[in-house]
Amino acid sequence: MDIREQIAENDRIIEQLNRELAKKSTEVRIIQQISSEINSTLDLARILQLILDSMDRVLGFQHCMILLKDESEEKLRVFASRGYDREGVGAEVRFGEGVIGVVARRKKMMRLGNIRSSMNYLMAVRAKMEEAGQLQADHVPVNLPGLANAQSQLAIPLLVKERFIGVLAVESPQPNAFDELDEILLNILANQVAIAIDNARMYQMEEGRRKELDEANAKLLRLNESLEHMVKERTAQLERAHAELSTAFERLGEQATELAAFNRTLEQRVAEQLAELERVGRLKRFFSPQLAQLIVAGGAEDPLKTHRREVTVVFLDLRGFTAFAETSEPEEIMGVLGEYHAEMGKLILAHEGTLERFTGDGMMIFFNDPVPVPNPAERAIRMAVEMRERVAELVAKWKKRGYDLRLGVGIAQGYATIGAIGFEGRWDYGAIGTVTNLAARLCGEAKPDQILISQRLLGTMEELVEAEPVGDLSLKGFLKPVSTFNVVRLKG
Amino acid sequence: MGVLPDEIKPAMEGVIPAHVATCSLDGTPNVTALSQVYYVDADHVALSFQFFNKTIKNVRENPYAVAWIISPESFDSWDLELEYDHSETSGPVFDAMDMRIEAIASMTGMTGIFKLKAADIYRVKSAVKNTDERIPLAAIDK
């Protein structure tokens, strides 16, 4: 080789070196560009698409795929691909199967440029073994994603801090399609890809976690809101309850006031009633209870006003009283009268008779005034019979003391003029008329223990009374004799 | 600077089978087609030991061999003078070759049957680019 040839050869080598240098620097720039693009996004799908686009468009790798290992650590799954009729995403490669599977198992890069020749060679060996019956049935060729007629394949494990996450693979139907420079390029790229994928995955995990947190937060917020709502509702309920209570309390206050007022009026009324009772009590001592009641009540009709009414009048006195009074001490007389009046008084009250007056042993009682009563005559007779029986008991007692006293009664019925009799300073309630006179006269005629009644009265009381005739008596103040009867007993 | 130039690498990807000539101790030559001569570094190549065959037997008796490799891109071919150095059953060279065989085996349903026993490492004594025309063994068979 002469000097000129040597120079030409040197020029050629320098030119080639420059070309290679230019190519390398371009590729390094491209890789830098890809790297920065990869690192600027955290969306895994976008990253992988970006990588494959760049590999095809910029570096001329027309058929490439990224496979990620699944959790079983036994399989890879095509996650993204470019340059295939069908994308083949999701296709599986088991660890140890094909170039990619072996790379996954060994976690080492592999570059093959003679796949078809090698396979042809092996298939020939296989055919011979099959002929010889040396091959077992389970040894069958596998179907792998990728080109059916791939001659060259370059597969690089994606490792993050020694941790295997997947495979980056390129392939070509051309033999020897990839050289050592491609190995270096893809190695650099694979490192970036692995880190980016890992970051993206972590980011996705974080995103997932963040989403979970957001959801939890939202739930918490909703819970808080509903709690707030519940608290509000409860507060409102409480307020309503409080208002109701206040109203009830106020009503109670009003009621208490009313009650207090009522109590006061009650006191007043009780006081008034007590006063009235007192008045009645006082009046009763002088008047009959009925008259006293009427006077106190102050009814529409003034009972003291003179009026005319049919009444039954009863006169009674003690036979032998005048003689007794003349021979006895006043204290004895008052004692006998006291006993006698007390017993008679009880019976008058029991039969609702009106005691008009009593004079010593004599008493005048009438019925049907001032308060009208039913059956005044019957009442008068029954009272008289009871009086006779009662006095008989007293007589037995008196006899022991030596007093000879017996009861005599006269009863008459008819119209009388009744009202206040007297003068300013002293008024009595009195009945004036023939009926009074007749009763007094009959009483005067009555022998001891006799109850004398006119025939006229007996006529109305025949069913009640068993009587005996006494005869026709000539009575003072009466023109004709009065047919008189003595009440022996009551019938039945 | 090693014996093997960079431009030879495409010829060592196994696209076009290589031919290897060996000789037994008693002087019997053997030429065979081999799927791939692996590039180890600029001074070494590796041949796969999968089945015990004449080539394996010969180089263990007589370490000298010649490999004819062809580039599928330029169809340039080279004669490599080789001397068997040692066998590896682990390490990066073995692993790389083993992976390739495993990958191809798995694709043809031959997993566990077709596998690398060892990587036979040869020192490359010379690499000579051919200018003459040769007929590959396959053509002779026809």
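Protein chains get the first letters and strands the later ones, always in sequence-line order, with residue 1 at the start of each. Because only heavy atoms are used, hydrogens play no part in the values below, and waters and symmetry mates are left out as well, while side chains stay in.
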Max heavy-atom pairs within cutoff under 4.5 Å with chain B, candidates A/V99, A/N176, A/V125, goes to A/N176
Quick one: pull up [atom1] in [X] and [atom2] in [Y] and give me the separation to the nearest 0.5 Å.
{"X": "B/S35", "Y": "A/N120", "atom1": "OG", "atom2": "CG", "value": "12.0 Å"}
{"X": "B/D95", "Y": "A/R106", "atom1": "CG", "atom2": "CZ", "value": "6.0 Å"}
{"X": "B/E102", "Y": "A/R105", "atom1": "CD", "atom2": "CZ", "value": "4.5 Å"}

Got more than 12 heavy atoms from elsewhere within 6.0 Å of NZ, B/K125?
yes
Take atom CZ of A/F79 as the centre, draw a 6.0 Å sphere, and report whether it contains more than 12 heavy atoms from other residues, nucleotides or ligands.
no
For A/I115, does its backbone N or O pair with a side-chain atom of B/R100 as donor and acceptor, under 3.5 Å?
no
Determine the minimum heavy-atom distance between [X] and [Y], stating which atoms define it.
{"X": "A/G98", "Y": "B/S106", "answer": "N-OG, 2.5 Å"}
{"X": "A/S117", "Y": "B/V15", "answer": "OG-O, 3.4 Å"}
{"X": "A/L122", "Y": "B/M110", "answer": "O-CE, 4.2 Å"}
{"X": "A/M123", "Y": "B/T108", "answer": "SD-CG2, 3.4 Å"}

Is B/K9 salt-bridged to A/D179, cutoff N-O under 4.0 Å?
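Salt bridge: no.
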With a 4.5 Å cut-off on side-chain heavy atoms, are B/E13 and A/N114 touching?
no
Within residues 71-81 of chain B, which residues come under 4.5 Å of chain A, heavy atom to heavy atom?
B/P72, B/E73
Enumerate by number any residue of residues 114-121 of chain B whose heavy atoms lie under 4.5 Å from heavy atoms of chain A; in the absence of such residues, state 'none'.
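Result: B/F114.
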Measure [X] against the heavy atoms of chain B and call it side chain, backbone, both or neither at under 4.5 Å.
{"X": "A/R116", "result": "neither"}
{"X": "A/E180", "result": "side chain"}
{"X": "A/M109", "result": "backbone"}

